[in-house]
Peer 1: 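Could you have a look at this structure, given as structure tokens, before my questions?
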Protein chains: 2
Amino acid sequence: MKKVTMADVAKLANVSKSTVSQYLNKRYEYMSEETRKRIARAIEELGYQPNIIARSLKQKTTMTIGVIVFNLLHMLTTQVLHAIEEACQERGFHVIVSNSDDDPEKEKKYIEMLRAKQVDGLIIFPTGKNADVYQKMTEERFPLVFVDRMVPGVKADAVLLDNQKAAALAVEYFAERGYERIGVVAPPPVSHIIPRMERIEGFRQALAKKGLPVVDDYFITTEIPRIQKELTRLFASGRLPEALFAINDLTLMEVLYFVKGNHIKIPDELAIISIDDVPFAHVYTPTLTTIAQPTFAMGKKAAERLFLQIAKKSEHQPQVFRFSPTFIERGSAKEKTS
Amino acid sequence: MKKVTMADVAKLANVSKSTVSQYLNKRYEYMSEETRKRIARAIEELGYQPNIIARSLKQKTTMTIGVIVFNLLHMLTTQVLHAIEEACQERGFHVIVSNSDDDPEKEKKYIEMLRAKQVDGLIIFPTGKNADVYQKMTEERFPLVFVDRMVPGVKADAVLLDNQKAAALAVEYFAERGYERIGVVAPPPVSHIIPRMERIEGFRQALAKKGLPVVDDYFITTEIPRIQKELTRLFASGRLPEALFAINDLTLMEVLYFVKGNHIKIPDELAIISIDDVPFAHVYTPTLTTIAQPTFAMGKKAAERLFLQIAKKSEHQPQVFRFSPTFIERGSAKEKTS
DNA sequence: TTGTATGCGTTATCAA
DNA sequence: TTGATAACGCATACAA
């Protein structure tokens, strides 16, 4: 119950604390076999566990990083987090996770608290609205990596999807199969949420590049809870789209719900492609053609970049990493028949 | 860049460290308005951030807890974790998450490391195979809460589903609608994975209680990758089940995949009920009847119990909390027609 | 090969 | 009201 410290071990082993310390740090070189054993025994006997907090205070490194996400429940988050945790595990780091809930205030508080806790670095899925806070960290050369979203103007490492390419992939696939009236479903574009912007804009550009009509009515960009309504309105208007591009799993769910409620046949009446490879894509009917993010690779890269910064704080060149999406052809978009 | 400490603030404000400390801990009572302001200004000017590590060393509390899960990617894990994080947030705690990957060795290492890091408590989704380690913690009265699985013989708080009831819910629903040949799909029952045992056994007992035949062939209890094969064998045998109970989301996916591959009509040819309310349940065709776990409530309870233990380590009575599942009636099981 | 002394940044105890 | 001073548990020069 009462904590046993190095001093206790030292006393029992009849050596000084420093010797025990040496032992713990595996600097056996100048230690007699004899004392080594005595110390080992003493540790065993007392059930001694080093206090890492004390060590951290001295060494100015906690071997823990912080991860602040804007939505812990999101699939992408979970998967990237998993990869981060694994990478940390390999290097003996621990990760403190915090959910900002997409609230900039919370995010800011978390950043401060985690830094007060002396984390060695931070991986942030940013709300995007604390540019000044982020900026200050980069200026202080505090190890920092953004994931999923990046923040314009802040020179920091960032790991994200090549969103433009993802949108292009969808459009090209549709175009090559004869689809012309293609719509997109997304939450409202806002300047600080980069992937959303890039996907919607990428979609628009891809359309133009393929010589396809860009019709405003086919841009359903509204809050998730309003998507049903907008979809209903669009389909009631008569000017039906032949295909829909859902920019993420959340919007996909809305589209599927709508489709189901209105008995729309996929892919014959409406083709669908979405970003995020949802786990039920292959059991759905029809199977869903999706564009997957390499979540694991992204998480791993984020962790690696952070470790790099931690290792040599000084000459680190921030870089933005764009990960290529993977097109997974399944059954929700086919050759156009009608 | 160079860390600014309390000493720096003290010097600039022309007071002693102790006074600054008082200030930081909001013990203004015996402090002149004057000094208070001077300190505030100094802190502001230097951009001082207290070092929580140092404080922890002194106070023997880190305000951080550890959460060790056996599968970070599992939906249940994510949701419970979310609730835990939220509860911690409210109390100013941080959470370190670690993935044991269902490997007892890893789990053990994590427990040791997190304790070395002086976490104030541990919430564990246990592999179940480190009974001695768990036991030692309870003996030392180290704050500990199990989630999802519990460990027989270890007297600790545990938060889990009323699995027996969940199984009964499914069986009763089937029974009342005229189903008789009911099967279950699960990974192999192993004694240290309590929920699995309870669900399978609960299923068996519910069957008996309803006077329904318990036929061994209808117990598909094998490793996930082998489920397809077993299902194929069963359906080729001629003795078809009319309904299937999938004990979790993973097995449900296997059932759905099988059903799709063999063009089996749900619910007419085969009714399905599963534990875990998968997010696509309401967009699938037919919609999926599921039995939901109150994941959020479970996470919250786990955190609360842990805080309770942290607050008064001594007279804490370990307790097992059984959470009632919620039956969500949708379309994958209906009145039997044939 | 091992021990002594000092410091890491706080908080706590006790004087002043 | 404020200030010395001693912890907290460990690591590290330096001495022995």
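Lettering of chains follows the sequences in order, A, B, ..., and the numbering in each one begins at 1. Quick note: numbers below take in every heavy atom, side chains included, and nothing from hydrogens, waters or symmetry partners.
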Peer 1: Could you give the distance from NZ (K106(B)) to OG1 (T127(B)), rounded to the nearest 0.5 Å?
Peer 2: 12.0 Å
Peer 1: At under 4.0 Å between heavy atoms, how does the protein contact nucleotides 8-16 of chain C? Give one character per nucleotide, 5' to 3', with B, S or -.
Peer 2: BBBBB----
Peer 1: Please state how far atom NZ in K117(B) lies from atom P in dC10(D), giving the value in whole angstrom units.
Peer 2: 15 Å
Peer 1: Are OP1 or OP2 of dG3(D) and a side-chain N or O of T19(B) less than 4.0 angstrom apart?
Peer 2: yes
Peer 1: Provide, to the nearest angstrom, the distance between the NZ atom belonging to K37(A) and the P atom belonging to dT1(C).
Peer 2: 15 Å
Peer 1: Between F93(B) and F307(B), what is the ring plane arrangement, given parallel below 30°, perpendicular above 60°, and tilted in between?
Peer 2: tilted
Peer 1: Is the shortest distance from a Lys or Arg side-chain nitrogen in R115(A) or E112(A) to a carboxylate oxygen in the other one below 4.0 Å?
Peer 2: no
Peer 1: Would you indicate whether K117(B), at its atom NZ, is surrounded by more than 12 heavy atoms from other residues, nucleotides or ligands within a distance under 6.0 Å?
Peer 2: yes
Peer 1: Does a salt bridge link R38(B) with E34(B), judged by any charged N lying under 4.0 Å from a carboxylate O?
Peer 2: yes
Peer 1: Considering every strand and a 4.0 Å limit on heavy-atom distances, what is the contact class for T35(B): base, sugar-phosphate, or nothing?
Peer 2: sugar-phosphate
Peer 1: How many whole angstroms separate atom CZ of R36(B) from atom C1' of dT2(D)?
Peer 2: 14 Å
Peer 1: Can you tell me how far P of dT1(D) sits from CD of E33(B), to the nearest Å?
Peer 2: 11 Å
Peer 1: So, is the end of the R305(A) side chain (NZ or CZ) under 6.0 Å from the ring centre of F321(A) and within 45° of the ring's axis?
Peer 2: no
